[in-house]
Structure formats: structure tokens, C-alpha cells
Amino acid sequence: MHANAADVEAEFLRRLNVDLPEGVDWKQGAVTYLRELVQDGGVEAEWFHLVKPFVGGPDFGPFWVDVFHFLDVVHKVDLPSRSVVVDVGCGPGWTVQWLAKLGHEVVGLDISAELLALAEQRMRTDPHTPFFEEPFHYELRVHDIEAEPLGLERPARLALFESTLHHFFDPVAALRNTAADLAPDGLVAVIEAAAPPVGSEWHAQNVELMRRYRTIERPYTRDQLHEALALAGLPHVAFYQPVNGLFRQQADELAVLSRTVARSDHLNICLAAATPEALARVERGPAPPSDPPTGLRFLDGVGLPEVGPDGSTYRWAGPRVVMAVDDGGPHRVHVSNPTLEKRGVQHVYLLVDDRVVQQVELSARSSAAELVLDVPAHSVVELQSDRAFSPSWRGEPDARVLSFRIAAPPPR
Ligand SMILES: C[S@@+](CC[C@H](N)C(=O)[O-])C[C@H]1O[C@@H](n2cnc3c(N)ncnc32)[C@H](O)[C@@H]1O
């Protein structure tokens with residue numbers, strides 16, 4: 001590694017681990033803590049690990065969360081059966097079992113031999129393999145992924161970190177060693193909670209857990225996870241928000257849902273790859289017409305790009321637009337409405353954290369204005385307007401509810 005790159009990585013790890021109590025051998029902690037949990041926890045602890053992810057109630061929350069998130073990722077990645085999948089930190093192996101039952105060749109690795117023994121027991125006691133008269137294809141290895149790659153014979157198409165990555169002292173090493181065994185189109189999937197705000201009760205609980213049990217409970221912010229993935233050679237990342245359940249077919253309910261999806265950042269569910277092509281495989285589908293790269297993304301409330309007579313690109317927006325600000329601004333956003341009648345006046349408001357922070361006025365005389373977004377990277381902001389119309393009200397065959405035009409020029 002280049003000396004400068006090594007410094008950047010060391011500095012990243014220093015910042016990341018700033019809350020970790022000092023003088024603890026985390027590696028040994030991971031091994032002995034789990035040994036104590038499994039061996040000394042007795043039959044009840046063993047039973048818990050063997051039935052995971054099923055729970056006997058009364059709180060089914062963790063069950064839905066674990067199962068839906070895992071299945072959503074497997075569904076999204078959409079691998080042909082018999083693909084090689086690495087399950088990093090597979091623990092007692094419920095994901096190994098489900099992946100093997102789907103017909104994949106699973107390599108489950110973990111630093112804890114005790115947990116792998118339970119994973120082995122789980123697989124041995126399941127007589128129902130996916131292919132008739134063919135055994136499960138799986139292998140369980142005691143392995144410290146922070147120390148070195150597995151060195152697989154057949155490269156993996158997917159490496160899964162299910163509730164695991166936040167336990168590593170050095171997630172960059174764990175990701176880099178994992179990436180070394182990926183096929184060219186291979187993906188890394190991370191599923192876990194995102195970092196709670198510093199100073200929150202949950203953050204304090206994590207610090208206390210680390211102190212008491214010598215196990216790392218240090219979830220990442222989005223920025224930290226981006227940085228760790230990039231340092232590990234996996235710079236192409238897509239974050240997802242799962243949507244599971246049944247929803248009434250009713251516009252309001254769907255609007256609430258789209259708002260929730262746009263704003264949620266309490267989970268870190270992502271797919272990452274070394275090349276854009278590997279990620280593009282799971283993001284295929286009709287390619288959306290592209291705006292110039294601006295550091296802004298429209299999440300909701302706008303139509304497709306259109307080109308005006310002067311060659312400029314804009315989109316028609318409804319009365320509410322949700323945008324993600326990917327990089328720090330300031331960003332200039334043009335809003336206009338050339339259809340305002342003589343005395344018509346329209347306001348467009350910029351909301352950050354549900355509060356209006358800026359507003360502009362459009363009129364027939366002055367039909368264009370500029371909003372300046374000066375918010376931290378990875379914010380989600382809204383534009384709202386107090387006027388809307390539909391071309392269908394004038395007898396045109398276009399029933400969209402439109403409010404103003406919007407364009408975000410690329411940064412200079
Ligand atoms: C919270 S558990 C998750 C287990 C499993 N993925 C699940 O969802 O049931 C985290 C796992 O990471 C494993 N682990 C921690 N450090 C590790 C390392 N350096 N190499 C491999 N596994 C490690 C632990 O032994 C533990 O089984």
C-alpha cells in the first residue's frame with residue numbers, strides 16, 4: 001500500500017475506534033465472550049442459537065427484521081443456484097442454512113469454533129436438501145477474516161455480512177480480505193443497523209456493552225461505511241431501504257411510504273462492488289434518462305427530464321419534491337413556471353428537517369428563481385409549492401399534477 005494511502009487508512013481507523021475502551025484484546029474478547037455465551041450459557045443459550053432467527057414471541061420484531069432484510073438482499077442479488085456465497089461471521093449459521101437450502105454453495109466462516117459447531121449441528125440435523133438425493137453444499141471454516149483472505153478455489157459471487165461488520169476493529173481489513181475472494185462480478189452485501197447519534201441512549205448502551213463484554217458494538221454512519229468500503233477497494237455502493245408488508249391501495253398511504261423510504265437512514269443495507277459493472281447487474285432495468293451529474297438526486301415528485309427550446313434540461317415537478325443531497329454543496333437549484341397567468345403568484349419553499357429554510361416567489365413577470373442548498377452531504381431535503389395545476393383541467397390528455405419546473409445545473 002502507498003505510504004499516503006496507509007496513513008489515510010490508519011487515520012480512518014483511529015477516528016472510527018475513538019469510543020472503544022482502551023487496553024482490550026478485542027479478538028480474544030470475540031472468541032472468549034462467545035465461548036462463555038455458548039458453553040457456559042447452557043442448553044438455553046444453545047437452543048437460542050439453534051432456533052435463530054425464529055423466536056417464540058411475544059416480540060416478533062427481530063424475526064421480521066432479520067428475515068425480511070436477509071431475503072430482500074438475496075432476492076435483489078438474484079444469483080443462479082449453485083453460486084458460491086461466503087457468509088462472513090456466520091455464527092450459528094441460520095443464513096448458511098437458508099442459502100444452502102436455496103441451492104447455493106456456501107462457505108460459512110467465523111472466528112468462533114463454538115458457534116460453528118452449532119452451525120454444523122443445524123446443517124446435520126436438516127434432512128431436506130434442495131436437490132433430490134444430493135447433499136447440501138456447504139463448508140464451515142474457523143477463520144479470522146481481519147487477518148487474511150480465505151483463498152477459495154472458486155471465487156464467490158456474493159459475500160454476506162449479516163449483523164457482522166460492526167463487530168470488527170478493522171472493517172477495512174475484513175472487507176479487503178473478503179473482496180480478495182470475489183469473482184469479477186462479485187458483490188459484498190452488508191445488513192445491519194446504522195450508528196445511533198452520539199449522545200443518544202443507544203450510543204451510550206453500546207459503549208457500556210463494549211466495556212462490559214469485550215465485544216465491539218460500534219455501528220457505522222453512512223459516511224464511515226462508504227469510506228471503509230472505498231478503502232477496501234469496493235467504491236461502488238448502493239444503499240437500500242427495505243419495504244415489506246401490505247399497504248392499502250390508497251395514494252396517501254403510498255405517499256407516506258415514499259417519504260419514509262426517502263428519509264430513512266437508520267439501517268445500513270447495501271451492496272458494494274469493485275467495478276460499476278458488477279453493481280449494474282443488480283441495478284439493471286430500463287436505464288433512467290440521466291440529468292447531468294450534480295451531487296443531487298431526485299427521490300420523489302418529479303417527471304422525466306425534458307429539453308426546452310433553448311437546449312436546457314428541466315423536469316416538471318409536482319407540488320412536493322424530495323431530493324437527496326449526496327455531496328456537500330452549496331447547490332443551486334433553478335425553479336420556474338412559464339405558465340403563470342398575469343396576476344398569478346407562486347411560492348416555492350425549501351424544507352430541511354421539516355422546517356422552511358428558504359422561499360422564492362415566481363410570477364408572470366419573474367417566472368424563474370434560484371434556491372441555494374447549503375446542507376451537509378447525505379441530507380434529504382424537500383421543496384414544496386403552494387400552487388399546482390393539471391393539463392387535463394384544460395382538456396389536454398395529461399393528468400399529471402404539475403407545479404413548477406426544476407433544474408439543477410452541474411457544479412462549476
Ligand atoms: C452478531 S454475530 C452475527 C452472526 C450471524 N451472522 C447471525 O446473523 O446470526 C457476529 C459474528 O461475527 C463473528 N466474528 C467476529 N469477529 C470475527 C473475525 N475477526 N473473523 C470472523 N468472524 C468474526 C463472531 O464470532 C460472530 O459470530
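Keep in mind that the numbers below use all heavy atoms, side chains included, and drop hydrogens, waters and symmetry copies. In listed order, ligands and their atoms are each counted from 1.
With a 4.0 Å cut-off on non-hydrogen atoms, Ala147 does not touch ligand 1 at all.
Ion pairing of Asp300 with Arg320 is present here, as a side-chain N (NZ or NE/NH1/NH2) and a carboxylate O approach within less than 4.0 Å. Between Asp326 and Arg297 there is a salt bridge, with a side-chain nitrogen of the basic residue lying less than 4.0 Å from a carboxylate oxygen of the acidic one. A salt bridge is absent between Asp265 and Arg222; no separation between the charged side-chain nitrogens and carboxylate oxygens falls under 4.0 Å.
Residue Ile145 places a heavy atom less than 4.0 Å from ligand 1. No heavy atom of His49 sits closer than 4.0 Å to any atom of ligand 1.
Geometrically, Arg315 does not engage Phe298 in a cation-pi contact, judged by NZ or CZ lying under 6.0 Å from the ring centre and within 45° of the ring axis.
Across Met210 and Pro21, no two heavy atoms sit closer than the pair CB-CD, 4.2 Å.
For atom 22 (N) of ligand 1, the closest non-hydrogen atom on the protein side is Ile111 N, 3.2 Å. The shortest contact between atom 25 (O) of ligand 1 and any protein heavy atom is with Asp110 OD1, 2.5 Å. Shortest contact from atom 21 (C) of ligand 1 to any protein heavy atom: His143 O, 3.2 Å. Looking from atom 17 (C) of ligand 1 to the surrounding protein, the closest heavy atom is Phe168 CE2, 3.2 Å. His167 CD2, 3.5 Å is the protein heavy atom nearest to atom 10 (C) of ligand 1. Shortest contact from atom 4 (C) of ligand 1 to any protein heavy atom: Gly89 O, 3.2 Å.
Between Trp98 and Trp94, the angle of the ring planes goes over 60°, which puts this pair in the perpendicular group of the 30/60° scheme. Relative orientation of the His378 and His226 rings is parallel, given thresholds of 30° and 60° on the angle between their planes.
Contacts classified as side chain to side chain donor-acceptor pair (under 3.5 Å) and involving residues 42-64 (residues at least two apart or in different chains) are not found.
Considering backbone and side-chain atoms together, Asp144 places an N or O closer than 3.5 Å to an N or O of ligand 1. Some N or O of Glu162 is nearer than 3.5 Å to an N or O of ligand 1, by distance alone.
If you number the atoms of ligand 1 from 1 as listed, the ones under 4.0 Å from a heavy atom of Lys52 come out as 7 (C), 8 (O), 9 (O).
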